[in-house]
Amino acid sequence: MVTYFEASLETVSVHHIGNQAQNEMYALSEQPLTFKDEVIPQLLMQYFLKPFEKANEVYHLMHTSGELNLNELHHFATQIFEDPSRFHEISEQVAKHLYKVSNHPNIKPGELYVAYFRKVQIEGNPLDAIGIFKSENKETYLKVYPEQGGFGVDYEENAININKLDKGVLIVNIEKENGYKVVVIDHTNRGQDTAAYWKDEFLQLKIRNDSFNQTNNALGIYKNFVTQKLDDEFELSKADKIDLLNKSMKYFKEKETFDMDEFTGEVIGNPQAIESFKNFKSQYEQEFEMPIADTFEISGNAVKKQQRVYKSVLKLDKNFHIYIHGDKELIEKGFDEGKSMNYYKVFFKEEA
């Protein structure tokens, strides 16, 4: 999605952002960084941009009012793209905005880097981009060096691991009227109540409804339908549910284009269940304002992402796990009266 083999780092400004809920302040630098050699920019490029090579979701900046110009980051980015000479001045405004939304007591303080790049490639187009990155977690490193016929050991505290970017966003200079193309990283605070401040409060993002997200959402909705909704209307064993999930994954792996009628006919089959699924999908679309087309090009990357959370394991007490990958007709469920226990009978030709 994002590559940087031709990219160059034009300038970068560093500020410190405290947590206002903890009565911590921010500190602004007076000027951009100066580099003593060519190694530092290369290390910064790796630190800033390498994590985005695996990012597939593309977002747009937005504002809840519908007025895009009220989004602070869109306003700041437009000012920089139109007049790069104002870069450092506007980076200070970016820092103040982040400080303003850092009002949860558990948000960690850290350094904010605002960078300007040339020729960052997104979806094959080399474009200018503004990068905003925050480092929150520090580590201690040992340094071993030659000394008087042997070696000495020293350490450095509160250092940054350039292979672990905590938070980052690239705002790419294309599709300004839609909120630019935006790619985001957040490797901290997952699942916590502080997680939303970076994407929702600082950036204010909406996900672009492309083939990746259409595929990802369709598979996610179907998984939730099978695991959460079907029990309300049908009596299904866990093996039956796994079979339905396997069929859907097989469909998305083998097809190039999704077709709703074809998918529901081949994978679900039962008319009543098909109608239930379409209603479930419609409720999702209304609740999250994310329509999913009846036909769309299937994204292989989205299928791979969803495959990691699609479960094909039948867990039986704490004794057995049965992995179901193929024909469900080769596994039968029953009840043993003598032992008063459920059982599964599995048919196979040979052991591997």
Side-chain angles (χ1 to χ4, degrees), residues 1-2 52-60 123 181-186 190-191 195 199 205-234 236-315 321-328:
M1 180 62 71
V2 175
F52 291 93
E53 289 182 326
K54 296 182 179 180
N56 291 298
E57 293 95 337
V58 176
Y59 296 81
H60 295 302
E123 299 176 334
K181 285 186 179 180
V182 179
V183 190
V184 65
I185 297 290
D186 188 354
R190 289 179 176 175
K199 286 185 178 181
L205 298 175
K206 64 177 179 180
I207 198 161
R208 188 180 65 169
N209 207 17
D210 57 7
S211 63
F212 179 91
N213 291 299
Q214 291 268 316
T215 305
N216 188 58
N217 288 338
L219 276 166
I221 291 170
Y222 180 75
K223 176 177 177 288
N224 289 339
F225 171 73
V226 171
T227 57
Q228 300 174 17
K229 178 65 175 176
L230 273 178
D231 282 338
D232 296 341
E233 302 175 26
F234 303 93
L236 291 176
S237 68
K238 289 186 177 180
D240 291 325
K241 291 181 180 180
I242 291 172
D243 182 57
L244 286 170
L245 293 178
N246 285 341
K247 284 182 178 179
S248 67
M249 187 57 64
K250 183 174 184 292
Y251 177 93
F252 275 87
K253 284 182 175 180
E254 293 180 351
K255 305 288 186 177
E256 295 183 358
T257 303
F258 174 88
D259 180 271
M260 175 61 73
D261 291 335
E262 179 186 64
F263 172 78
T264 54
E266 291 185 10
V267 175
I268 301 177
N270 181 294
Q272 185 180 347
I274 290 173
E275 186 65 24
S276 178
F277 172 66
K278 290 182 177 180
N279 290 335
F280 187 82
K281 171 178 171 289
S282 178
Q283 291 172 7
Y284 171 91
E285 292 171 322
Q286 293 176 22
E287 180 177 356
F288 294 98
E289 298 182 354
M290 184 64 69
I292 298 175
D294 286 340
T295 60
F296 56 82
E297 182 181 345
I298 291 174
S299 164
N301 286 331
V303 174
K304 289 179 183 177
K305 177 184 176 182
Q306 281 289 340
Q307 188 174 14
R308 292 194 291 267
V309 297
Y310 260 56
K311 303 298 183 183
S312 59
V313 183
L314 186 62
K315 297 181 180 180
H321 287 178
I322 299 177
Y323 291 80
I324 304 174
H325 300 298
D327 187 357
K328 186 187 71 69

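What you are looking at is a predicted structure, and each value in this text was computed from that prediction instead of being measured.
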Where [X] and [Y] come nearest, the two heavy atoms and their spacing:
X: A218; Y: F252; value: CB-CZ, 4.1 Å
X: E123; Y: V58; value: OE2-CG2, 4.0 Å
X: S211; Y: S299; value: O-CB, 3.8 Å
X: I185; Y: A55; value: CD1-CB, 4.5 Å
X: E262; Y: D259; value: N-OD1, 2.9 Å

*For Y284 and N217, what are the C-alpha separation, side-chain angles and deciding distance, and is it a side-chain contact (heavy atoms from CB on, under 4.5 Å)?*
CA-CA 10 Å; Y284 171 91; N217 288 338; 3.6 Å; yes
Look up atom [atom1] in [X] and atom [atom2] in [Y], then write down how far apart they are to the nearest 0.5 Å.
X: I207; Y: K199; atom1: CD1; atom2: NZ; answer: 7.5 Å
X: K253; Y: K304; atom1: NZ; atom2: NZ; answer: 10.0 Å
X: M249; Y: L219; atom1: CE; atom2: CG; answer: 5.0 Å
X: I292; Y: T295; atom1: CD1; atom2: OG1; answer: 12.5 Å
X: E254; Y: K250; atom1: CD; atom2: NZ; answer: 3.5 Å

*Within 6.0 Å of CD in E256, more than 12 heavy atoms from elsewhere*: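 Count not over threshold, so no.
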*Taking the six-membered ring for Trp, are F277 and F263 parallel (under 30°), tilted (30 to 60°) or perpendicular (over 60°)?*
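Answer is tilted, since the angle falls between 30° and 60°.
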*Side chains of N213 and N216: is there a donor and an acceptor less than 3.5 Å apart?*
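No.
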_Any salt bridge linking K278 with D294? Criterion: basic side-chain nitrogen under 4.0 Å from a carboxylate oxygen._
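No salt bridge links K278 with D294.
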*Partners meeting side chain to side chain donor-acceptor pair (under 3.5 Å) with S282 (sequence neighbours left out)*: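 So S282 forms a side chain to side chain donor-acceptor pair (under 3.5 Å) with Q286.
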_Test side chain to side chain donor-acceptor pair (under 3.5 Å) applied to K305 - qualifying residues, sequence neighbours left out_ =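 With sequence neighbours excluded, K305 shows a side chain to side chain donor-acceptor pair (under 3.5 Å) to E57, given in chain and number order.
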*asked:* Filter on side chain to side chain donor-acceptor pair (under 3.5 Å), then keep only pairs touching residues 264-276, sequence neighbours left out; what's left?
replied: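 Only E233-S276 qualify under side chain to side chain donor-acceptor pair (under 3.5 Å).
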_Show, in sequence, the C-alpha distance, side-chain angles and deciding distance for K281 and F225, and conclude whether the side-chain contact (heavy atoms from CB on, under 4.5 Å) test is met._
CA-CA 8 Å; K281 171 178 171 289; F225 171 73; over 6 Å; no
*Among N209, T215, T257, find the residue that satisfies the side chain to side chain contact (heavy atoms under 4.5 Å, CB included) test when tested with F296.*
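It is T215, the one option of N209, T215, T257 that forms the side chain to side chain contact (heavy atoms under 4.5 Å, CB included) with F296.
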*asked:* Has Q214 got a side-chain atom pairing as donor or acceptor with E297's backbone, closer than 3.5 angstrom?
replied: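 No, because the side chain of Q214 does not come within donor-acceptor range (under 3.5 Å) of the backbone of E297.
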*asked:* Donor-acceptor check, side chain of Y222 to backbone of L244, threshold 3.5 angstrom: yes or no?
replied: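 Yes: the side chain of Y222 pairs with the backbone of L244.
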